[in-house]
Amino acid sequence: MRLWYLNNDPSIGRSFVEQDTANALKLEQPSQYEELLQRSGLHYLTNRLSSQQNYECAWRMGDWSVLDRDQSPSDFRENFNFERDHYKSLKNLHKIDKNLTNLFSEKSRLSLIESMRKKNPQSSKTFHNHFTMLRQMQQIEDFSVAFFSDDRDDAMERLYEKWQWHDTLPCTSFVEKEKILAQRLVILDTVETVDMVREKHKTLLQLVHEAQNANCDNIAIKYLKHLRSLTLDDEMESKMLLEDAQLCKKFGYIDLAKKLFSSLINESKYQSFITRITGLWTCGEFFSDNMNEDPNVIYRDYFKMAKEELFKYQKRFANVADKMRCIKEERIKIFKAVAKFADKIYSERDKYLNSSEYKEKCQYLELTHKEVEKLSTQRPTSEELQKEIRTKQYILMKNSELDKLEIKNICNDRNLYLSIALEYYISLAAFGENCDVYISRLVSLWCSNHSNDNVINMLTKSLDEVPSYKFLKVLPQLASRLGNSDTMFTKLLTRVLVRCCADHPYHSLNHIMALQNANYDAEDQSIDESGRMLQANAKAIIQELQKNPKTKGIIKELNEVNIALIELANKHIDRQSSRLELSANEKIIAIGTKRLFHLPTVNLPIRRDCNYNNIIYVTKWIREFQVLSGINAPKHLICICSDGSYRSIIVKGNDDLRQDALMQQVFLYINDIFKTEQHLQKLQIRTYKIIPLTKRSGFMEFCDNSTPLTIYLAKAHNRYRPFEKTFNECRAVLMNCANQDPSVKLQNYLKLCEEIKPVFYNYFLEQFPSPRDWYEKRLAYINSVASTSMVGFVLGIGDRHLSNILLDKKTAQIIHIDFGISFEKGRIQRTPELVPFRLTRDIVSAMGFLGVDGIFRRSCELTMEVLRENQATINTILEVLLHDPLCNWSTSQVEMCASANESIHVNEQKNASATRALFRVNEKLSGRDSSTTVHSVGTQVERLIQQAINPANLSRMFYGWCAIY
């Protein structure tokens, strides 16, 4: 256990202390210490301390004195040893012995194959190290073929291109990739030709760069030292300086980092390289983080200069394809750096102008002005008193002028950096890829400054540069702001929405039509001025699009289907009927096939060319349907689609689905974060499509092959433990003590726990009898519980009773539904929710004998680490979503108190609630939940798990939550 912690500690000092003390006491050393030193890049030390010959250390150090007597070819089929044969292969390559190099390469390969044959093939992870070794052998063989060929120069050029392509391939970890690149260095030392030396320098730089990215700082230092010992050309030296400066910046060596950046930027020999441009904006980031310079100086001398220098560089190399590719990548990096910097300064200035400190200063200025006026009216009797009053008046006026100048400068800075941030966010949105975060921040800045004429003028000129498909993810939030009273803002917003609907009608029109039909089925048709304006603007957009031949037919058919579904959603159905069937006159049946209506619950990939010819439309609605459980009697419909598939939807009336749809948006954004790394993809949250049609009706995707946990657990407890109390009996016991003291509730809860035992673990034995399937599905279940628990905690999702959690029968992942209680709304209910997520005994029993202390805990920590690392991204996205005017995150009491003539007050309440929700999310992502102490990820996860399984908390939950199961 201790070695595991030492192995994962970025500092190797502790391991040295352990090693040194053990040597002094003459204690036996486990082999893991050698592995630890080797993984830290200390191969010389490892070789000296190793009790046995370490072939890897030998070839890494270029020590070819080992095994001076080579094995004879007659022993080829005997004594397989990969490390030894691999070493011999490299040794003979350095001897320029083609035959023996190929011989031992082949033997190494056979040794690997033999080793892989004996491994368990059920997990690919078993073979990761073997795949790396195979790539090493392939590298030796490729070099041998090229080096010993008749046309060596051309062959070597092709080999370098192949290596460059190989480097772009994914690798399981930096440790594996480092082995391949380290061997490449050894191979390139075979003969010192000009091109091989150049390639060696490039490989060393790549190792330094990737080691830094992987936080393997010791490895980075090692290869950087190697680079500094070599004679480099000016371009390579500039790249080395940049890596060195970034490493010093990372370690906090401020003065040394400044000196290195200064050398890179100011020395004339580096002026013609793109690395200097990288140095300029990187140095700007460095000074911005430390605020060692005035923001205006940082922007002028580093960021702005980097942009100007890149423009000059682009003009010089306009016809060089490789250079232009580098320029394009560098431009995006500069845009990101400047946008981040300008946004930071803007946010600081804006925060100050909305702070109590600023209000106090304004009050002080007002008092000073009154005091000066008061002093000017006084008529002193003596000259001495008159002089004293004039002095006092002068001091007050000067202080007032200084304060006014300070405020003016802050306001000017705010407006300046707002413009700069918008300019670069627009550029990122226009020319960058994976720009959802920048689009979200652009929309946030735009909407929060909707009455700023400069902002509107700038966006009017430049928003058309941004492709319409990039607005689709935030389109619901854009559309919801159509009720804004600012004419210029609404005009620009309408232009963007019309463009999105015209280019991507199947991804956009539903949002606009839901606003147009917002009160179609409302019982109370009275709406405030903002609501009327929103509907009117949505209607105007639809009318504008009806003039477009491309969208006219789509709008007509979409409106017909939507109206039919709205009417069906609100239709009263007699649940007692033995057979539920829609009549032939029912509007949804009578409208027939609509070939321009794409079923929104079917995923339709966004096309940049705006060509949507292959949509999935409904050919027939099945007349038989089912009414599901629930207070609003949702209806389960089945349709046959144009691709021949049967698909299901759930139509709901008297229920606002907009908040649920928004929560699905949040999950999709978080899934995008999880998709960035291979090992995080297992943590993705299951989502489903929700399409609001009005304020109180809509439909959603039916999760096929899923079952609510309440249904399975009720049957399973009756089947496996028939002598226990039933679900209803347990609920009755909990309900009877609902109004009693917490101690009585806890006593009853513990008594029920003694009587009722978990049975959910049986599900995996029933459904997945194959050991492999059982293991994979249980792992998928644990990971999904972990990720949804952590994300649910951060977003304050409550009301996680058993009917709101589904289980996928095929993948064993859990699916959460119904998000009416979000952003800690559950904590202010009549019966407050005291647990951060559902982690009851049945949920834990399916995790195996380790329970919450095995994979679940590690997956929770991994999820929380990723969420914390991406706090700024999550914050940017939630800022746009939470300030959606159509969603209210405040308490139900506020909603009930609001009346039609209190719209301004209600909007203020909504903004305050959204701000508080965002504040709480940031507190949790900083590890400060319910405490001023900042907790580590491990401590935070431990506290949450203990809260979730604490019987005292579970016993006080609402009885319908069924904390027993």
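Worth knowing before you read on, the calculation uses all heavy atoms, side chains too, and leaves out hydrogens, waters and symmetry mates.
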Requested in this report: Check the pair E833, R956 against salt bridge (charged side-chain N to carboxylate O under 4.0 Å, His left out), reporting the backbone distance first and the verdict last.
Outcome: CA-CA 8 Å; E833 295 195 357; R956 294 168 65 185; over 6 Å; no

Query raised in the report: Going through the checks in order, is the side chain to side chain donor-acceptor pair (under 3.5 Å) test met by H935 and R928?
Result: CA-CA 6 Å; H935 298 294; R928 292 197 309 270; over 6 Å; no

Report task. Would you check, one step at a time, whether the test side chain to side chain contact (heavy atoms under 4.5 Å, CB included) holds for M700 with I817? Result -> CA-CA 11 Å; M700 64 182 69; I817 61 172; over 6 Å; no

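In this structure, OG in S706 is found 12.0 Å from CD in Q813, a value given to the nearest 0.5 Å. Atom NZ of K809 and atom CG of D704 lie 10.5 Å apart (nearest 0.5 Å). To the nearest 0.5 Å, the span separating CG on N762 from CZ on R721 amounts to 10.0 Å. Considering CG of N870 and CD of E865, their distance stands at 12.0 Å, rounded to 0.5 Å. A distance of 9.0 Å separates CG of L713 from CG of L807, quoted to the nearest 0.5 Å. Here the NE2-OG1 distance, from H130 to T132, works out to 10.0 Å after rounding to the nearest 0.5 Å.
Listed for the H507 side chain is a donor-acceptor partner under 3.5 Å among the backbone atoms of L604. Judged by distance alone, with hydrogens and angles left aside, the side-chain atoms of S859 form no donor-acceptor pair with the main-chain N or O of F856 at under 3.5 Å. Not one N or O on the side chain of T676 forms a donor-acceptor pair closer than 3.5 Å with the backbone of D672.
Taking the six-membered ring where the residue is Trp, F702 and H636 present parallel rings, their angle staying beneath 30° rather than reaching 60°. Ring planes of F727 and Y965: parallel class, angle under 30° (limits at 30 and 60°).
Donor-acceptor pairing under 3.5 Å is recorded for the side chains of Q871 and N922. Checking Q940 against E861 by side-chain atom types alone, no donor-acceptor pair falls below 3.5 Å.
Between C730 and Y959 there is no side-chain heavy-atom pair separated by less than 4.5 Å. Taking 4.5 Å as the limit, every side-chain heavy atom of I821 sits out of range of all side-chain heavy atoms of I797. Between D343 and Y425 there is a side-chain heavy-atom pair separated by less than 4.5 Å. Counting only heavy atoms from C-beta outward, the side chains of R658 and D656 approach each other to under 4.5 Å.
For F764 and Y775, the distance between ring centers is not under 6.0 angstrom. Note: F760 and Y720 fail the aromatic proximity criterion, with ring centroids not under 6.0 Å apart.
In this structure, R838 is positioned above the aromatic face of W961, its NZ or CZ under 6.0 Å from the six-membered ring centre and within 45° of the axis. For the pair K473 and Y669, the distance from NZ or CZ to the six-membered ring centre is under 6.0 Å and the angle to the ring normal is within 45 degrees.
In summary, E766 and K715 do not engage in a salt bridge, as defined by a charged side-chain N under 4.0 Å from a carboxylate O.
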